[in-house]
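Worksheet: one structure, shown below.
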There are 2 protein chains.
Amino acid sequence: MAASTLTEVARLAGVSPATASRVLNGSARKPGQDIAERVRQAAASLGYIPNAQAQGLAKSSSGLIGLIVHDIADPYFAAIARGVQEAAREQRKMVLLATTEGAPADEREAVAAFAARRADSIVIAGSRSSRPEDQEGNAGLAAELDRYCRNGGHVGVVGHPVVGATATGGYHVVPVPNEELAASLAEELAATHNGDFVIIGGPEGLFTSDDRVRGFQRGLSKAGRPPAEVLRSAFNRSGGYEAGLALAARIKAARTKAESDGIKGAGSDDGDGPAASSRICIFAANDVMAIGAAAALRSEGLRIPRDATIAGFDDIETLRDFRPALSTVHLPLEEIGRQATRSANAGAETGDGEEAPAPVTGHVTLRRSTETHG
Amino acid sequence: MAASTLTEVARLAGVSPATASRVLNGSARKPGQDIAERVRQAAASLGYIPNAQAQGLAKSSSGLIGLIVHDIADPYFAAIARGVQEAAREQRKMVLLATTEGAPADEREAVAAFAARRADSIVIAGSRSSRPEDQEGNAGLAAELDRYCRNGGHVGVVGHPVVGATATGGYHVVPVPNEELAASLAEELAATHNGDFVIIGGPEGLFTSDDRVRGFQRGLSKAGRPPAEVLRSAFNRSGGYEAGLALAARIKAARTKAESDGIKGAGSDDGDGPAASSRICIFAANDVMAIGAAAALRSEGLRIPRDATIAGFDDIETLRDFRPALSTVHLPLEEIGRQATRSANAGAETGDGEEAPAPVTGHVTLRRSTETHG
DNA sequence: CTGTTAGCGCTTTCAG
DNA sequence: CTGAAAGCGCTAACAG
């Protein structure tokens with residue numbers, strides 16, 4: 001029992017399908033009042049629902065926005081997705097979701113699937129990678145994206161342009177000043193922290209991570225500090241946890257040594273904590289990693305900010321209640337999602353009209369996790 | 001410059017569109033090796049991407065799964081969404097996302113939109129409501145859903161059936177034993193907590209919340225305890241926060257009174273905390289509310305579990321690093337999403353074949369937030 | 001095994 | 001202002 005069709009509605013109303021179409025779905029031309037009413041009644045009584053596929057086929061436009069994320073359950077992407085969803089709603093479009101774990105090959109596939117569905121635009125969130133093993137995948141992704149653009153598609157990318165994409169039009173990037181913000185964070189941190197800094201970054205080659213690491217180092221150097229050591233692990237909580245474990249071992253070893261050397265202030269569980277100068281400040285390239293690292297330290301009996309201080313990046317909302325409150329860099333994730341979606345659509349709609357939105361910006365947010373009490 | 005079509009590919013390969021279709025997209029019949037290769041080459045050289053809309057129109061099936069959630073940025077829904085996404089992938093389908101803030105009218109609209117796109121199935125997550133103001137919306141939603149099912153659609157609902165839905169087939173519910181689990185939680189809590197219990201629930205009429213509240217009360221009564229007072233607020237973090245503020249005021253007032261009454265043990269900031277019997281145990285109907293409540297208590301200078309204990313429900317992954325670790329009821333959210341998706345599809349595919357999956361179950365997980373130290 | 005012929009449901013010229 | 005006709009791109013019966 002299939003849904004009723006326009007033709008059926010038209011027949012019931014005693015008009016032609018063309019007329020029915022004109023009244024039911026927007027058209028420049030407006031049929032007469034009486035006829036219109038009859039059609040509407042017929043449609044209602046039949047419970048008519050237009051077949052979007054057919055409409056799409058006829059108008060060659062689908063009312064779909066494709067969204068590509070690494071993992072929808074990651075709060076970073078979830079926040080962006082919410083923004084995309086909002087913007088989609090404004091445009092009276094629906095969003096098609098694809099999750100790829102960040103694998104370029106999967107992203108390519110997702111783009112192809114979106115293209116097949118004739119998505120009006122595609123939004124890609126999630127860090128691009130330039131790792132050697134991703135070279136091939138990236139090339140494929142770029143090619144697919146180019147093709148999509150060439151066929152009239154519009155894409156909005158969060159953060160970094162897709163490497164190798166050459167399409168001239170239909171390409172929109174929402175730049176996120178990761179490097180600058182990380183530099184500011186480092187500078188602000190350096191103002192109160194006298195000890196060493198250690199960075200927990202994602203795998204080398206992940207642009208977002210690399211930018212943040214680079215920016216942090218730059219900020220450090222601007223503050224007259226030596227570069228921080230960089231630990232690499234997965235760009236998620238468990239990566240942070242692992243790195244945190246390694247750091248915990250190191251901190252404990254240092255403490256033990258200090259104790260046997262008889263240095264005062266390098267107390268154990270109940271003292272004032274290590275001397276300010278021996279305490280390290282950890283910068284994790286994103287909040288989720290920072291939380292993982294903090295959990296690892298805690299599980300090793302270390303306390304923050306007493307035994308080590310830590311900062312993240314993103315200012316994930318769900319993590320805001322975490323204690324000690326995490327110092328981080330606030331990013332307007334939802335807004336970023338909205339902008340990526342809007343910019344892609346602007347291209348699609350007005351051929352690049354609209355006023356440019358204010359560029360995305362964030363701000364350093366120092367909280368308890370990096371307090372140097374005293 | 002539109003994408004190239006099957007016809008073009010066929011022409012280039014010197015075959016008929018039908019043949020090209022047979023080789024490019026699966027068909028029971030398999031063209032000859034030579035011809036197939038020629039077609040494949042032609043397709044590749046033209047960068048052919050099948051038009052899913054056209055395919056859908058012709059086959060009347062879209063390869064789409066509609067997912068309805070309250071808010072994709074809420075970790076509860078994000079987790080379910082991930083499960084849905086996974087299941088969708090298994091079925092080689094894509095997921096269409098709709099967020100509704102839980103408003104039945106919006107949900108109805110979303111169902112209509114999915115129906116218009118001829119989604120093969122629809123998954124609805126997010127508590128149903130029976131509040132008076134939602135009556136009308138619910139009826140509309142039910143009607144829309146029924147129509148969708150009657151037209152051959154399949155729907156999977158998480159938790160509670162949609163009120164008023166009467167369609168006989170195509171309807172699948174993944175039951176979540178909220179009530180039973182909440183009862184178990186209450187019982188386990190009652191085993192060690194001697195003071196009063198207070199429940200922070202969502203608005204009355206939200207099934208999920210009501211089930212949990214009811215279950216908790218039942219567990220309490222089974223443990224020989226009087227029913228707990230129920231505070232109502234929004235079913236999210238800020239609802240929890242507000243309720244937490246109210247409770248904090250109450251706790252502080254009680255403490256002040258106790259102090260002036262000279263009762264020992266009702267200490268202030270650094271004592272042993274209130275006497276065990278005067279400390280309340282808070283049950284928030286979901287983790288996010290619990291976190292909000294905990295934040296409120298903390299902001300009022302109260303500590304958990306010293307001044308009050310608290311438990312939530314869901315065991316949200318992102319919140320697992322929260323300290324004190326939150327006692328809660330673990331729910332396999334991702335699995336729930338998967339099952340809802342699979343069950344809907346099972347109906348769609350085999351007319352209800354497949355072996356039934358193990359019913360969803362959860363388990364009480366007691367952690368630090370409800371420790372009664374001693 | 002291949003090609004031909006009809007549509008799927010809707011929009012959109014183009015006549016009337 | 002309305003209706004008739006011609007597709008959008010693809011699949012699915014039928015023939016050959």
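Lettering of chains follows the sequences in order, A, B, ..., and the numbering in each one begins at 1. It should be emphasised that the depicted structure is a prediction, and the values quoted were computed from it without experimental measurement.
- Between A/Glu90 and A/Arg338 there is no salt bridge, since none of the side-chain N atoms of the basic residue sits less than 4.0 Å from a carboxylate O of the acidic one.
- If you measure from atom CD1 of A/Ile35 to atom C1' of D/dG3, you get 12 Å, rounded to the nearest angstrom.
- Taking atom CG on B/Asn151 and atom P on C/dC8, their separation rounds to 16 Å, with Å as the unit.
- B/Ser21 contributes no side-chain N or O that, together with a main-chain N or O of B/Pro17, makes up a donor-acceptor pair within less than 3.5 Å.
- Ranking C/dT4, C/dC10, C/dT12 by closeness to the B/Ala18 side chain, first place goes to C/dT4.
- Residue whose closest nucleotide on DNA chain C sits further toward the 5' end, between A/Pro17 and B/Ala54: B/Ala54.
- Listed by chain and number, the residues in a salt bridge (Lys or Arg N to Asp or Glu O under 4.0 Å) with B/Arg128 are B/Glu107 (sequence neighbours excluded).
- The CG-C1' distance, from B/Asn51 to C/dC8, rounds to 13 Å in whole Å.
- Here the side chain of A/Pro50 is nearest to one of C/dT12, C/dC10, D/dG9, namely C/dC10.
- Atom NZ in B/Lys59 sits about 13 Å away from atom P in D/dA13, given to the nearest Å.
- In this structure, A/Asp120 contributes its side chain and A/Gly63 its backbone to a donor-acceptor pair below 3.5 Å.
- Listed nucleotides D/dC10, C/dC10, D/dC8 differ in distance to A/Tyr48; the shortest reach to its side chain belongs to C/dC10.
- The aromatic rings of A/His160 and A/Phe207 sit parallel, their planes meeting at an angle under 30°, below the 60° perpendicular limit.
- OP1 or OP2 of C/dG3 sits under 4.0 Å from a side-chain N or O of B/Thr19.
- Distance, B/Leu57 CG to D/dC8 C1': 9 Å, rounded to whole Å.
- Between B/Thr7 and the phosphate of D/dG9, there is no side-chain N or O to OP1/OP2 separation shorter than 4.0 Å.
- Between B/Leu6 atom CG and D/dT11 atom C1' there is a gap of 9 Å when expressed in whole angstrom units.
- Checked against D/dC10, C/dT12, C/dT11, the side chain of A/Gln55 finds its nearest nucleotide in C/dT11.
- In this structure, B/Glu144 pairs ionically with B/Arg147, as a charged nitrogen and a carboxylate oxygen lie closer than 4.0 Å.
- Residue-to-nucleotide contacts include no donor-acceptor pair under 3.5 Å from the side chain of A/Arg118 to the base of D/dG9.
- Taking only side-chain atoms of A/Arg22, from C-beta outward, the nucleotide of C/dG9, D/dG3, C/dT11 with the closest atom is D/dG3.
- At whole-Å resolution of the value, CG in B/Leu46 and P in D/dG9 are 14 Å apart.
- A straight line from CZ of B/Arg11 to P of C/dT4 spans 13 Å, rounded to a whole angstrom.
- For the pair A/Ser16 and D/dG3, the criterion of a side-chain N or O lying under 4.0 Å from OP1 or OP2 is met.
- With distances taken from any side-chain atom of B/Ala58 to the nucleotides D/dG3, C/dG9, D/dC10, the minimum falls on D/dC10.
- Between A/His154 and A/Asn345, the closest side-chain pair of non-hydrogen atoms is not below 4.5 Å.
- Listed by first and then second residue, the ring pair (Phe, Tyr, Trp, His ring centres under 6.0 Å) pairs involving residues 33-52 of chain A amount to none (not counting sequence neighbours).
- End-to-end axis angle for the helix from C/dC1-D/dG16 to C/dG16-D/dC1, using five pairs per end and rounding to 10°, comes out at 40°.
- Contacts of A/Ser60 with the nucleic acid, taken as non-hydrogen atoms under 4.0 Å apart, are absent.
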